[in-house]
Amino acid sequence: MPHLQLISTDVPPAPGDFRRMVEETRNATEAVAVPEILKTVAELVEHAAYVMTRDGDGAPVTRMLLLAAEIEEISARLSAGD
């Protein structure tokens, strides 16, 4: 399965990288891209939860981490063909 790299993990994202990622995601038409998109979403939700924790935002971090895990599980099932 081809890998859809939405944001480079080698360098910190530039301000326009997130917009570009959203546009690339919207334009992805291959079914094989869906698990990769979901995996990226899970990673972004998890990262947002850690940032909120670090900044003391008091957001529902536990729910966000559980949501990220659930999205990643869906991605894994789709990748496996279940």
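Here Glu36 contributes atom CD and Leu78 contributes atom CG; the two are 11.0 Å apart, rounded to the nearest 0.5 Å. Atom CD of Glu24 and atom CD1 of Ile37 lie 10.0 Å apart (nearest 0.5 Å). The OG atom of Ser75 lies 10.5 Å from the CD atom of Glu73; values are rounded to the nearest 0.5 Å. Here OG1 of Thr62 is found 10.5 Å from CE of Met64. Values are rounded to the nearest 0.5 Å.
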Yes or no on side chain to side chain contact (heavy atoms under 4.5 Å, CB included) for Leu38 and Glu72, after CA distance, side-chain angles and deciding distance? CA-CA 7 Å; Leu38 290 173; Glu72 191 159 354; over 6 Å; no
Any chance you could lay out the side chain to side chain contact (heavy atoms under 4.5 Å, CB included) test for Tyr50 and Val61, step after step, and finish with the verdict? CA-CA 8 Å; Tyr50 287 124; Val61 173; over 6 Å; no
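Here the shortest heavy-atom pairing between Glu46 and Leu65 reads CG-CD2, 3.8 Å.
Contact check on Arg19 versus Glu23 returns no salt bridge, with no Lys/Arg side-chain nitrogen under 4.0 Å from an Asp/Glu carboxylate oxygen.
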